[in-house]
There are 2 protein chains.
Amino acid sequence: MKYCSISEAAAAFKMSESMLRYYERQGLLPLIERDEAGRRIFSEDQMALLRTVNCLKNTNMQIKQIKQYIDWILEGDTTIERRLEMMKRHKQAVLDEIASMTESLQGIEDKITRYTTSMEEKQS
Amino acid sequence: MKYCSISEAAAAFKMSESMLRYYERQGLLPLIERDEAGRRIFSEDQMALLRTVNCLKNTNMQIKQIKQYIDWILEGDTTIERRLEMMKRHKQAVLDEIASMTESLQGIEDKITRYTTSMEEKQS
DNA sequence: ATACGACTTAAACCATGGTTTAAGTCAACA
DNA sequence: TGTTGACTTAAACCATGGTTTAAGTCGTAT
């Protein structure tokens with residue numbers, strides 16, 4: 001069982017150390033162990049949890065909602081149905097957001113086309 | 001030439017009226033005309049500009065950067081190259097973000113699979 | 001021995017992107 | 001005529017998601 005320091009965990013997920021401390025404070029990373037000197041040590045389980053938190057954060061889930069999810073994990077198997085429902089809802093929210101961005105992307109591509117044409121005309 | 005009131009413009013883009021006033025204050029909607037009573041009236045040109053601002057905002061461009069873009073539009077054709085460059089960069093940023101979200105989505109789908117299996121086992 | 005780097009804490013601070021409030025103007029309708 | 005509803009302004013307020021600061025504790029390399 002290998003343990004990571006906070007700097008290693010931060011590097012692994014391209015987060016700042018203060019972000020990890022902040023997440024712990026917000027209850028997103030419960031049960032993080034400490035070494036004899038009081039320093040955080042991240043077990044493989046904690047790294048797995050951090051990976052999950054990171055997925056949710058990356059897809060714009062709010063801290064409060066991630067905390068709810070973590071709380072349900074801590075509560076045990078009786079909350080699996082609620083967790084499943086949350087993940088299904090979130091999946092849909094992510095798909096909707098991707099669709100919305102993709103649609104707006106078209107507007108941006110239209111600008112690129114117009115400006116490119118305009119530049120070519122200037123050339124000639 | 002049809003003009004829209006602020007409430008119509010807000011409804012058209014699913015924004016709040018205060019958001020439109022805020023955007024104008026930030027310089028994202030310059031040159032908005034007023035009627036005799038001092039109320040904002042949105043021309044078709046302004047609606048087109050609002051559509052563009054909305055695309056950029058929807059794809060998470062920051063207000064400051066959108067303002068830069070609008071300022072370049074106001075400056076005239078000499079800024080077309082810069083606008084083109086900005087749109088190209090932004091397009092790439094959007095593609096990157098969509099790719100990142102899509103990757104994280106996989107983690108979410110994995111959870112859904114695990115929880116679904118777990119629920120089925122409980123059933124039996 | 002000491003100095004350095006990596007860590008700790010709590011609390012203050014910050015940026016971003018709006019929303020809300022209070023006080024006022026105007027047009028139209030009963 | 002008066003009151004309702006849609007608008008106006010400037011300024012204050014708010015939530016979110018962190019970052020920064022100050023003061024202190026370790027472990028180790030010189």
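Because the structure is a prediction, the values reported are computed rather than measured.
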Looking only at heavy atoms, the pair that brings B:Val94 and A:Met101 closest together is CG1-CE, 3.9 Å

Practice prompt. Tell me whether A:Ile112 is reachable from B:Tyr69 by hopping between hydrophobic residues (I, L, V, M, F, W, Y) whose side-chain heavy atoms are closer than 4.5 Å.
Written response: yes

Could you give the [atom1]-to-[atom2] distance, from [X] to [N], as a whole number of Å?
X	N	atom1	atom2	answer
A:Tyr3	C:dC7	OH	P	17 Å
B:Asn60	D:dT16	CG	C1'	15 Å
A:Gln65	D:dA15	CD	C1'	16 Å
B:Arg25	C:dT19	CZ	C1'	9 Å
A:Met19	D:dT20	CE	C1'	16 Å
B:Glu24	D:dT9	CD	C1'	11 Å
B:Arg34	D:dC7	CZ	P	13 Å
A:Met15	D:dG18	CE	C1'	12 Å

Please tell me if [X] has a side-chain N or O lying less than 4.0 Å from either OP1 or OP2 of [N].
X	N	value
A:Ser5	C:dC7	yes
B:Tyr23	C:dG18	yes
B:Ser7	D:dC7	yes
B:Ser18	C:dT20	no

Would you indicate which nucleotide in [options] comes nearest to any side-chain atom of [X]?
X	options	result
B:Tyr22	C:dG18, D:dG17, D:dT9	C:dG18
A:Arg21	C:dT16, C:dT8, D:dT19	C:dT8
B:Ile6	D:dC7, D:dG17, C:dG18	D:dC7
B:Arg40	C:dT19, D:dT9, C:dG18	D:dT9

Of B:Ala37 and B:Met61, the one whose nearest nucleotide on DNA chain C sits closer to the 5' end is B:Met61

DNA chain C nearest-nucleotide lookup for A:Glu17 and B:Arg39: closer to the 5′ end is A:Glu17

Would a 4.5 Å heavy-atom cut-off, applied to side chains only, mark B:Ile73 and B:Thr79 as touching?
no

task: Would you indicate what A:Gln62 reaches in the nucleic acid, counting non-hydrogen atoms under 4.0 angstrom: base, sugar-phosphate, or nothing?
output: sugar-phosphate

Worksheet item: Within the structure shown, what part of the strands sits under 4.0 Å from A:Gln26 by heavy-atom distance: base, sugar-phosphate, or nothing?
Response: nothing

When A:Val53, A:Thr52, A:Leu56 are each screened for side-chain contact (heavy atoms from CB on, under 4.5 Å) with A:Ile70, the one that passes is A:Val53

So with a 6.0 Å cut-off around CG of A:Asp96, is the heavy-atom count from everything else above 12? yes

